[in-house]
Amino acid sequence: MINLKVVTKPEEGRPFLDYRFQAKEEKEISIVKEGNRYIYTTPMEKLKDTDVMNLCAKGVKIFKNAQINTFALSLEKFAVLPLVYTIQGIYLGLYEVENYKTDRQEKCWDIELCGLDGNYSEIVQQVKEAEEIAKGVIFARNLVNAPSNHLTPEKMAETIQNLFEDLPVEVEIFDENQIKELGMEAFLAVGMTSGYMPRLIVVRYHGNPKTEEVTAFVGKGVTCDTGGYCLKSAASLPGVKGDNGGAAAVTGALYALVKNQVKKNVTVVIPSCENRISRDAFIPGDVIGSMSKKTIEVGNTDAEGRLILADAVTYAIEKEKATRIVDIATLTGAVASMFGGVAAGTLSNDDDFYKEFEQAFENSGEKYWRLPIYDEFKEMLNSDMADISNTSGGCGTITAGLFIQAFTKELPWIHIDIAGTAWTGGPRYEYESKGATGAGVTTLYYLMKENIEK
């Protein structure tokens with residue numbers, strides 16, 4: 001638990017971290033302790049949002065490593081940027097992956113923030129907003145980091161339902177029989193291969209009842225992905241538990257939107273299931289149906305994410321009356337090879353919608369790259385046996401997204417492939433930790449919130 005308090009000056013005797021900047025030419029970074037004061041000196045340069053997050057995360061780790069849980073931070077040097085970056089740095093710098101040790105104890109942090117000039121009530125409100133965003137990121141990290149045997153589809157549904165308890169949203173959970181009644185054949189082709197039955201998780205937030213505009217956040221929620229009969233390699237199998245980064249992102253983002261009372265209508269749709277091998281599991285060469293009535297030729301059972309997202313997108317349009325769609329998923333290994341885990345790949349059929357998205361990730365500090373949509377790519381999904389194939393002869397990241405687009409009924413649509421950014425084996429920044437990153441949460445939040453001044 002983290003308790004933040006805005007003060008004019010630190011409590012007497014409280015350990016205190018002060019940031020100082022030296023000439024840009026000086027590359028030395030030093031941390032000097034003078035009594036209760038820690039002085040963190042770093043080269044002066046033009047600060048970006050991620051720089052501030054990094055510096056704040058590094059700062060709190062000084063106390064964390066010294067096992068000091070009561071301290072103060074001076075944020076005076078970071079006043080040029082919104083508080084959201086400093087607060088995220090603090091929360092994510094103190095984040096630890098949840099474990100299942102019998103002697104595990106929750107850590108509590110009592111932190112004073114000083115050096116913040118301006119209207120006190122406005123500063124407190126900014127801190128509160130930033131805290132809710134950070135909590136959304138942490139929820140996403142915890143969801144992706146959870147072992148598969150502790151996060152079955154039913155357990156995921158329960159966890160999300162508990163997250164939104166007593167908040168002004170509608171949560172509806174569909175079991176396998178209800179999913180069948182909806183005609184979600186592609187979703188069931190994947191989800192019925194496991195002893196743990198699939199769940200369709202829907203969360204509706206009516207932040208602006210004066211409009212019928214509804215943005216659907218559709219997130220892939222595969223809690224265990226063996227690859228099915230196209231079994232993953234032994235080297236890939238340890239990562240099968242983390243294929244729910246899309247579900248984590250949309251849930252964490254919606255949590256922050258609800259807590260901060262953003263006046264937009266957002267519906268989260270999560271197809272949650274496992275992709276395992278069983279005697280009646282789907283295999284390459286099968287032709288399956290879908291909620292949209294399109295038939296699909298299965299070329300690879302490890303291309304299951306696009307199958308369940310296709311039905312979830314159809315559901316969002318037909319049942320939830322979505323007027324625009326964002327789907328996000330840990331979808332292809334190709335995107336990780338393409339961008340090396342630095343950026344996520346995106347596709348969109350609407351330039352105006354994508355401009356909003358560009359502003360959103362400029363605000364969040366996350367990195368995305370828009371990929372082209374050409375007719376030649378769409379033709380790669382042609383099938384002799386069905387309306388469409390779930391695999392292509394190449395361009396895997398693009399064609400995976402275009403498969404999903406085939407089910408969007410030409411509504412404004414953005415596809416986000418976070419397979420390379422949702423997880424890190426070795427943290428690159430101080431605000432990251434080994435495992436899930438919470439990718440997508442902050443960008444989706446800012447997509448729906450008005451732009452912030454930088």
Side-chain angles (χ1 to χ4, degrees), residues 97 143-153 155-156 186-198 219-249 270-286 288 296-310 327-341 344-345 381 389-401 403-404 416-426 434-437 439:
V97 177
L143 202 70
V144 177
N145 283 328
S148 290
N149 64 326
H150 287 266
L151 193 73
T152 62
K155 182 64 176 176
M156 174 183 277
F187 182 18
L188 288 176
V190 179
M192 294 300 285
T193 65
S194 169
Y196 298 105
M197 290 293 97
K220 177 183 174 182
V222 176
T223 59
C224 173
D225 180 20
T226 68
Y229 273 97
C230 297
L231 187 66
K232 293 181 183 292
S233 67
S236 299
L237 283 174
V240 300
K241 71 174 186 176
D243 208 8
N244 55 5
I270 298 170
S272 180
C273 65
E274 294 189 334
N275 184 24
R276 293 184 184 254
I277 297 173
S278 68
R279 67 181 183 181
D280 55 352
F282 70 133
I283 60 174
D286 282 357
I288 61 176
I296 303 165
E297 181 181 3
V298 177
N300 189 323
T301 61
D302 197 22
E304 86 296 336
R306 65 202 72 179
L307 295 176
I308 69 174
L309 289 171
D327 77 79
I328 180 169
T330 47
L331 206 61
T332 68
V335 78
S337 300
M338 189 185 306
F339 296 124
L381 294 170
S389 171
N390 81 326
T391 56
S392 66
C395 304
T397 299
I398 295 174
T399 53
F403 177 90
I404 298 168
I416 309 170
D417 190 340
I418 55 172
T421 56
W423 189 275
T424 177
K434 185 178 180 180
T437 62

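Here the structure is a predicted model, which is why all the values come from computation and not from measurement.
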For a side chain to side chain contact (heavy atoms under 4.5 Å, CB included) check, start with the C-alpha distance between Lys155 and His150, then their side-chain angles and the critical distance, and finish with the verdict. CA-CA 7 Å; Lys155 182 64 176 176; His150 287 266; over 6 Å; no
Can you check side chain to side chain contact (heavy atoms under 4.5 Å, CB included) on Val144 and Trp423, steps first, answer last? CA-CA 9 Å; Val144 177; Trp423 189 275; 3.8 Å; yes
What verdict does the side chain to side chain donor-acceptor pair (under 3.5 Å) test give for Thr330 and Asp243, after you've listed the backbone C-alpha separation in whole Å, the side-chain angles of each residue and the deciding distance to 0.1 Å? CA-CA 6 Å; Thr330 47; Asp243 208 8; 2.5 Å; yes
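For Thr437 (side chain) and Thr421 (main-chain N/O), a donor-acceptor pair under 3.5 Å exists by modelled atom type. Put simply, the side chain of Tyr229 never gets that close to the backbone of Arg276: no donor and acceptor are under 3.5 Å apart. A donor-acceptor pair under 3.5 Å is absent between the side-chain atoms of Ser389 and the main chain of Leu381, judged by distance alone. With Thr193 contributing its side chain and Val190 its backbone, the two residues share a donor-acceptor pair below 3.5 Å. With hydrogens and angles disregarded, a donor-acceptor distance shorter than 3.5 Å links the side chain of Thr301 to the backbone of Gly227.
Note that the CE atom of Met197 and the OG atom of Ser272 stand 12.0 Å from one another [nearest 0.5 Å]. Between atom CG of residue Leu188 and atom CZ of residue Phe282 there is a gap of 11.5 Å, rounded to the nearest 0.5 Å.
Sequence neighbours left out, the pairs with a member in residues 224-233 that pass salt bridge (Lys or Arg N to Asp or Glu O under 4.0 Å) are Asp225-Lys232, Lys232-Asp302.
The nearest pair of heavy atoms linking Leu143 to Asn244 is O-ND2, 3.5 Å. Residues Ala310 and Phe403 come closest through the heavy atom pair CB-CE2, 3.9 Å.
Partners of Ala186 by side chain to side chain contact (heavy atoms under 4.5 Å, CB included), not counting sequence neighbours, listed by chain and number: Ile288, Ser290, Ile296, Leu307, Asp311. With sequence neighbours excluded, the residues that form a side chain to side chain donor-acceptor pair (under 3.5 Å) with Asp417 are Thr332.
The residues Lys220 and Glu304 are annotated as salt-bridged, a charged nitrogen and a carboxylate oxygen being separated by less than 4.0 angstrom.
The environment of OH in Tyr196 is sparse: at most 12 heavy-atom neighbours from other residues, nucleotides or ligands sit within 6.0 Å.
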